[in-house]
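The figures here come from the full heavy-atom set of this structure, side chains too, leaving out hydrogens, waters and symmetry mates. Since we're looking at a predicted model, the values are computed, not measured.
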Amino acid sequence: MRGLRRLSLASVAMVLGRVPCRLKSRGGQPPAPLGARILTNPEDVFQHNMWDHVKWSEEEKEKARQKADDNSSLRIPLEEQGKYDMDACKYWDSFYETHQDKFFKDRKWLFLEFPELLPLGLESSATEERPCGLRAPCPEPGVSGTEKETGQQRQHAPSHQHIDPLTSDCQQSCNQDGRDTAGAARQTRSFPGEHATFRIFEVGCGAGNSVYPIVSSIKDTGAFLYCCDFSPRAVQLVKDHPDYDQSVCHAFVQDVCDEVGSFPFPPLSLDVILLVFVLSSIHPERVQGVVTRLSQFLKPGGILLFRDYGRYDLSQLRFKKGRCLSENFYSRGDGTCVYFFTKDEVHSLFSNAGLEEIQNLEDRRLQVNRGKKVVMRRVWMQSKFKKPQPLAPPS
C-alpha cells in the first residue's frame, strides 16, 4: 500500500489539521462542488459577497455575446502580435518585480475543490470524516483590464522578430534551468522526489500561492511537490519563501510550450498535475500540444486538475477595443494575455490528450460589492480528467 499506511494516527490528524475546512456544514451532507449558496430571492442579492450556480437568461447570454463581439471587432495588428510571444518572459518578470508575492492570495480553497491533491487516505478523511461546508473557491482579486493570474508560459504562436536582450536572457535562463535539472537526473540516474510515494506537479506556480498551502499539507506524508513557472523571477520568489523545503518541493523554471524541453522527473511518474489559471495565458494554438505533453507524465490512474477563466466572464467583457489578439484571446495593458474557455473546448482539450472526464463544470457566480451596490457576473471553468489504466492483455 502507499506510504500513507505507515503514518501514525497522530501524523494523519496533524495533516488534516492543516487542511482548510468549513466546519458545521450542511447537516453532515457531502460537500457541494462549486458552493451551495443559491440566490432564490433577488431582493437578497446584497446579503452576501458571492452567490453560486447563477443561471443566465437567454437575454443575458446574448448581451454578453454582443459585448465580446464588440470588443473583439478591432484587433491588434498581426505585425504587432509577435512581441507578446517574444517578450512574454519580460512582461511577467516585470509583473513580479512590481508586485513580488503581494498580488494574489494563497489559494486555501484548493483542498475543498481538489481533495485529490492529498495523498490517498488523507483525501477521503478530509472530505468524508470532516465534511466541509461551501466548497467555494475564493474569487481571484480584481476584474480590471489588468486582471490576471500567474505569469506562466510563452503566449503566442512563433514569430520571427528581433529578440530583446532582456527577453533573450529570460529564455536562456528558462532553457538552461531545464537542461541542468534534466542533465543532472540523467547523470545520477535519480531525480528530485524519486522516493516519494505521491507526486504532484503544479504548472505555472507564480509566486507560490498554491505551492505553500500544498507544502504545508503534505509534510510528513511521503508526498512531493514539483512546481514550475515561465518567469525566473517568480520561481526565485518561491525559492526565497521561508517555508521552501527541498525535501518536499522542487521549484524550477520551465516553458511548457517548449516541445523539446526536459522535466526533472520521468514519464509516468506523477499522481496529480495542477493547472490553475495557466492555460489561459498560452496561445490557443499551443494549448493542445502542452496538455498532450504533460499527460505523458501522469501515471495510469493519475489525475489532472484544471481551473481557469470561462467564456463571457466579466474580465472578458471589460476589455476595450483594440486589445483582442484572436477570438476570445486578449492582451492586457501590461502585455500579459488571457483566453476564455467553454466546457466543450475543455472537454476536447483533455480528451484529445487521451484523458477521461471525471468532472467538467462551468462555475457561474454572482460577485457582489455590497458597499457600492454593484453586481458582477463571473465565469470560471473547473475540471478533473483521469489517465486511463492500460488495457489488460487478452487472456
Side-chain angles (χ1 to χ4, degrees), residues 68 71-72 75-77 80-105 107 139-159 161 163-164 166-171 173-174 202-210 228-238 253-258 275-287 290 307-310 313-341 380-381:
N71 70 19
S72 61
R75 300 188 178 184
I76 296 174
E80 297 179 15
Q81 292 189 14
K83 67 180 181 181
Y84 298 105
D85 175 46
M86 303 308 299
D87 295 344
C89 176
K90 182 175 72 173
Y91 291 134
W92 282 112
D93 264 22
S94 296
F95 172 80
Y96 285 110
E97 180 179 19
T98 299
H99 299 286
Q100 298 292 306
D101 58 354
K102 310 299 182 186
F103 194 83
F104 304 111
K105 295 180 181 179
R107 297 176 180 132
E140 300 298 331
V143 289
S144 68
T146 59
E147 176 185 300
K148 64 182 68 62
E149 263 295 329
T150 52
Q152 291 79 296
Q153 327 301 339
R154 189 183 307 258
Q155 296 160 326
H156 295 276
S159 61
Q161 293 197 1
I163 300 178
D164 183 277
L166 176 57
T167 305
S168 179
D169 290 343
C170 290
Q171 292 171 342
S173 174
C174 179
E202 185 194 7
V203 180
C205 62
N209 299 101
S210 296
C228 77
D229 201 282
F230 181 46
S231 165
R233 197 181 300 273
V235 172
Q236 193 59 50
L237 287 170
V238 172
V253 180
Q254 182 76 27
D255 178 4
V256 296
C257 293
D258 184 355
L275 298 168
V276 178
F277 295 99
V278 55
L279 295 186
S280 55
S281 70
I282 301 173
H283 193 285
E285 294 180 2
R286 291 185 179 226
V287 174
V290 170
R307 185 168 175 84
D308 220 316
Y309 293 106
D313 177 59
L314 176 65
S315 58
Q316 177 180 12
L317 304 185
R318 281 191 169 181
F319 273 104
K320 305 297 183 183
K321 288 183 180 180
R323 301 309 310 170
C324 185
L325 290 156
S326 61
E327 191 171 359
N328 302 301
F329 189 52
Y330 300 80
S331 171
R332 303 182 181 95
D334 62 2
T336 61
C337 298
V338 59
Y339 183 80
F340 298 88
F341 293 93
W380 295 294
M381 306 306 304

Engineer: Roughly how far, to the nearest 0.5 Å, is the CG atom of L279 from the OH atom of Y309?
Structural biologist: 13.0 Å
Engineer: What's the separation between atom CZ in F340 and atom CG in D313, rounded to the nearest 0.5 Å?
Structural biologist: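 One gets 6.0 Å once the value is rounded to the nearest 0.5 Å.
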Engineer: Go through S315 and V338 one step at a time and tell me if the side-chain contact (heavy atoms from CB on, under 4.5 Å) criterion holds.
Structural biologist: CA-CA 10 Å; S315 58; V338 59; 5.9 Å; no
Engineer: To the nearest 0.5 Å, what is the distance between CH2 on W380 and OG on S280?
Structural biologist: 13.0 Å
Engineer: Restricting to non-hydrogen atoms, name the atom on P232 and the atom on V253 that form the minimum distance, rounded to 0.1 Å.
Structural biologist: CA-CG2, 3.8 Å
Engineer: Measure the CD-CD1 distance between Q81 and I76 for me, rounded to the nearest 0.5 Å.
Structural biologist: 6.0 Å
Engineer: Taking all non-hydrogen atoms of both residues, which atom of V278 and which atom of G204 are closest, and how far apart?
Structural biologist: CG2-CA, 4.0 Å
Engineer: For the CZ atom of R75 and the OG atom of S331, what is their distance to the nearest 0.5 Å?
Structural biologist: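 Here the rounded value is 14.0 Å.
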Engineer: My understanding is that only residues two or more places apart in sequence, or in another chain, count here; which of them pass salt bridge (charged side-chain N to carboxylate O under 4.0 Å, His left out) with K321?
Structural biologist: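 Counting only residues at least two positions away or on another chain, K321 forms a salt bridge (charged side-chain N to carboxylate O under 4.0 Å, His left out) with D70.
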Engineer: Does N328 have any side chain to side chain contact (heavy atoms under 4.5 Å, CB included) partners at least two apart in sequence or in another chain, and if so, which?
Structural biologist: R311, Q316, Y339
Engineer: I need the Y330 OH to R318 CZ distance, nearest 0.5 Å.
Structural biologist: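 Taking OH in Y330 and CZ in R318, the distance rounds to 14.5 Å.
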Engineer: Might you point out which heavy atoms bring C324 and S326 nearest each other, and give the distance in Å?
Structural biologist: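 Scanning both residues completely, I find the closest heavy atoms to be SG-O, 3.0 Å.
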Engineer: Looking only at heavy atoms, which two atoms of C205 and V238 are closest? And how far apart?
Structural biologist: SG-CG2, 4.1 Å
Engineer: Side chains of D334 and T336: any donor to acceptor distance under 3.5 Å?
Structural biologist: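 Yes, a side-chain donor-acceptor pair sits under 3.5 Å.
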Engineer: Kindly indicate, with the supporting measurements, whether the criterion side-chain contact (heavy atoms from CB on, under 4.5 Å) is fulfilled by C257 and V290.
Structural biologist: CA-CA 6 Å; C257 293; V290 170; 3.9 Å; yes
Engineer: Which atom pair, heavy atoms only, marks the closest approach of G310 to M381?
Structural biologist: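 Heavy atoms only, the tightest pair is CA-CG, 3.8 Å.
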